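This is a predicted model, so every value here is computed, not measured. Numbers here simply count residues along the sequence, with the first being 1.
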Amino acid sequence: MGESPQVKTKAPQYDPTPCYPVLADAVAVGWADAAGTLPKGTRVLAVDGPAVLDWAAVAAGVRAAFDDRRTPVEFADVRTAVRDWETVRRLTDSEELRGDPDFARLAGGDLSDLMDARALAALADPGEGGAGESGAGESGPGEDGAGESDLGEGGVLRVLLGPGAALADADVLWWADLPKRYAEAAVKHGRGRNLAAPEDEPPTLRRLLYIDWPLLDRHRDHMAGRIDRWIDVTDTVDPTSIGGQALRETCRSLAARPFRTRPTFNSTPWGGHWGQETLGHNPDAENTALGYELIAPESGVLLGDDASRCVEVPFQLVVALSPVDVLGPAVHEMFGTSFPVRFDYLDTVGGGNLSVHCHPRPDDMRDVFGWPYTQHETYYLMRAGDHSKVFLGLREGADVEAFHHSAHAADAHGTPFDIERYVQVFPAEAGQLYLVPAGTPHGSGEGNVVLEVSATPYLYSLRFYDWLRRDAADRQRAVHVEHAFRNLDPARSGEAVARELVQSPRPLSAGDGWREELLGALPAMFFQVHRIAVEPGRTAEQETDGRFHVLTVVDGQGAVITTAAGHRHSVHYAETIAVPASVASYRVHNQGPEPVRLVKAQVV
């Protein structure tokens, strides 16, 4: 049942940087090593990547590397080939969310829609114009006579830099990538530029999350088969890189074996400290509110011998390169290359209540926000604080009009109100699953660790009430009263909530020293949540049946997962692992001295 809200137990085996070997290549370090892989005779090199990247630092690194090789270089900034800003804004806006301060419709179309095709073609032409026109500067051969030009006498390497460079006619394509957690942090601090924005336009998270990322992700995935070198520029001075063929072979090898993504934690005003105290994450951060264990739009996979010498590639790229192997044929047919389930932590241990919010119902998610499927969720309580709560569903007979009025007064005038007049509360019980279909008001209370097993959309939390909480700038945090009430499902109220959304486990299968049970399922939700329990020294048999699994160890020290093909992977307490559909059969063995339990999600 309940536990102390201050969790002190350390999980020493939790690995925050799981790494996987690179096939047929070694991880190179530095721009010089990357430059050394450029084929002789290359005349045009395209370096593509995200808009928020420090492209001046990339240009400086490339310039120095080719100077050392006595290769004369001229640069062209691809950002000068975008269409005018008013046209870009018109193409990426929607009537329903025009002027909305927080949300935008997910951008459709392609990056090429924002580019001036003639201007882009002119930048790739090594004849007229050159570096002077592009404003990027030029570098010639080194003065000491060392090295040898890769282009031969009289040759000049033209380097196209910036988002969309791959759309130009180039001989070689490099992809310079920055993990999304750095991009988000940069924009929060006012650094970098939004996609296709003029230099003097301040960057916004609204455009980064809803416009830039969808367009750039589609562009990257479309170009994945052409990339000649993948460069992780987390360190712009000494980036790490691997060859394009090794990138693709390694990603495809992951699609045939269990693997983990790199977990990250973010801080928010309501955040707790379980991630810091138990898992060792971000010890100097304000808190560890949101823990992304596996979330397709942001998670990365580390490739290399160890975390000190690796490249990070997007989890979504692994899926895009092998969608049938990762997802399974039926799931691929339903969701394309979108990995439709996410696992994350909501840490309020020593923190505060989450906002009470809901997520868009299916029609609104599709027609207003642009996601083809909606954000159904579940809360699995890994830890429950003494007297902690879970907010879930409306009270029987709740006056929705009065609720709307109270929420509006709190937002507009800072008037507090008792949310429990309208929203039900349940005791937070460790080991219990709470189902949260779209449109259901919900939130975790303080003192809990929630493993959120959910549909992948994660950017549309529509807040009814946030306790008049202040942000880092001492402003009242935004709520989204009209969005939230438009999507409120009044059927999720009263006794139906306890009966349908707080389900008891049902047995599914069992063997010698293990069992599997169904924790929660609803006809409206496309995924189910199971729990596997394995006694010490015992092994649970599992079949993917053509659909991926995702598992997290929620009790015990951990387990060893072994596939029929012989792949073996340890997974420890609080770690999450993806099992691709192509694995087919695998075994979960408990080598520890105590029982182990794993939560498992699968599409049905």
Side-chain angles (χ1 to χ4, degrees), residues 24-49 53 55-81 115 119-142 145-177 219-220 222-233 236 238-249 311:
D25 199 2
V27 175
V29 179
W31 291 108
D33 283 356
T37 68
L38 198 71
K40 287 188 179 297
T42 300
R43 303 303 298 270
V44 180
L45 167 65
V47 185
D48 208 324
L53 189 61
W55 285 101
V58 172
V62 172
R63 178 184 294 113
F66 284 109
D67 275 354
D68 289 345
R69 301 185 65 81
R70 293 184 51 80
T71 299
V73 178
E74 59 184 16
F75 290 86
D77 188 341
V78 173
R79 293 173 295 184
T80 64
M115 308 295 291
L120 188 61
L123 288 179
D125 183 358
E128 296 297 324
E133 287 189 4
S134 72
E138 181 173 339
S139 78
E148 179 182 352
S149 172
D150 290 327
L151 302 176
E153 186 174 352
V156 176
L157 175 65
R158 189 160 179 81
V159 180
L160 312 181
L161 290 170
L167 298 171
D169 186 14
D171 303 312
V172 174
L173 172 59
W174 288 357
W175 190 275
D177 200 60
H219 173 60
R220 178 204 62 217
H222 182 69
M223 296 296 170
R226 288 183 44 205
I227 294 172
D228 295 294
R229 192 150 200 90
W230 182 275
I231 306 175
D232 179 343
V233 290
T236 56
D238 283 312
T240 53
S241 64
I242 57 174
Q245 189 60 35
L247 167 74
R248 290 181 285 274
E249 289 183 15
V311 297

Asp48 and side chain to side chain contact (heavy atoms under 4.5 Å, CB included): which partner among His219, Met223, Arg226? His219

Shortest non-hydrogen contact from Ala65 toward Ala35: CB-CB, 3.8 Å

What's the separation between atom CG in Leu247 and atom CG in Asp228, rounded to the nearest 0.5 Å? 11.0 Å

Min side-chain heavy-atom separation Glu74-Leu157 under 4.5 Å: no

At what distance, to the nearest 0.5 angstrom, does CG of Leu45 lie from OG1 of Thr71? 11.0 Å

Check for a donor-acceptor pair, side chain of Asp171 on one end and backbone N or O of Val44 on the other, with a separation under 3.5 Å. yes

Looking at Phe75, does the NZ or CZ of Arg63 lie under 6.0 angstrom from its six-membered ring centre and within 45 degrees of the ring axis? yes

Please test Val156 against Val73 for side chain to side chain contact (heavy atoms under 4.5 Å, CB included), starting from the C-alpha separation and ending with a verdict. CA-CA 6 Å; Val156 176; Val73 178; 5.9 Å; no

Working to the nearest 0.5 angstrom, can you tell me the gap between Ser241 OG and Trp31 CH2? 8.5 Å

Between Arg79 and Pro163, the two heavy atoms sitting closest are CG-CD, 4.0 Å

Do Thr80 side-chain atoms and Asp77 backbone N/O form a donor-acceptor pair below 3.5 Å? yes

Looking at every heavy atom in both Glu249 and Ala24, which two are closest together, and how far apart are they? OE1-CB, 3.9 Å

One should read off an interatomic distance between Leu160 CG and Leu120 CG, to the nearest 0.5 angstrom, of 7.5 Å

The reported gap from OG1 in Thr37 to CD1 in Ile242 (rounded to nearest 0.5 angstrom) is 11.5 Å

Kindly say whether Gly243 contributes a backbone atom to a donor-acceptor pair with the side chain of Asp25 at under 3.5 angstrom? yes

Nearest atoms (heavy-atom pairs only) where Ala46 meets Ala166: CB-N, 4.3 Å

Take the angle between the ring planes of Trp175 and Trp230 and call it parallel below 30°, perpendicular above 60°, tilted in between. parallel

Within the structure provided, determine whether Pro39 and Val172 are in side-chain contact (heavy-atom separation under 4.5 Å). yes

For the pair Arg158 (side chain) and Leu123 (backbone), establish whether a donor and an acceptor sit closer than 3.5 Å, ignoring hydrogens and angles. yes

Flag, side chain of Asp177 to backbone of Asp232, donor-acceptor distance under 3.5 Å: no

What I'd like to find out is whether the side chain of Val78 reaches to under 4.5 Å of the side chain of Met115, using heavy atoms alone. yes

Let me confirm one number: the CZ-CD1 distance from Arg229 to Ile231, rounded to the nearest 0.5 Å. 7.0 Å

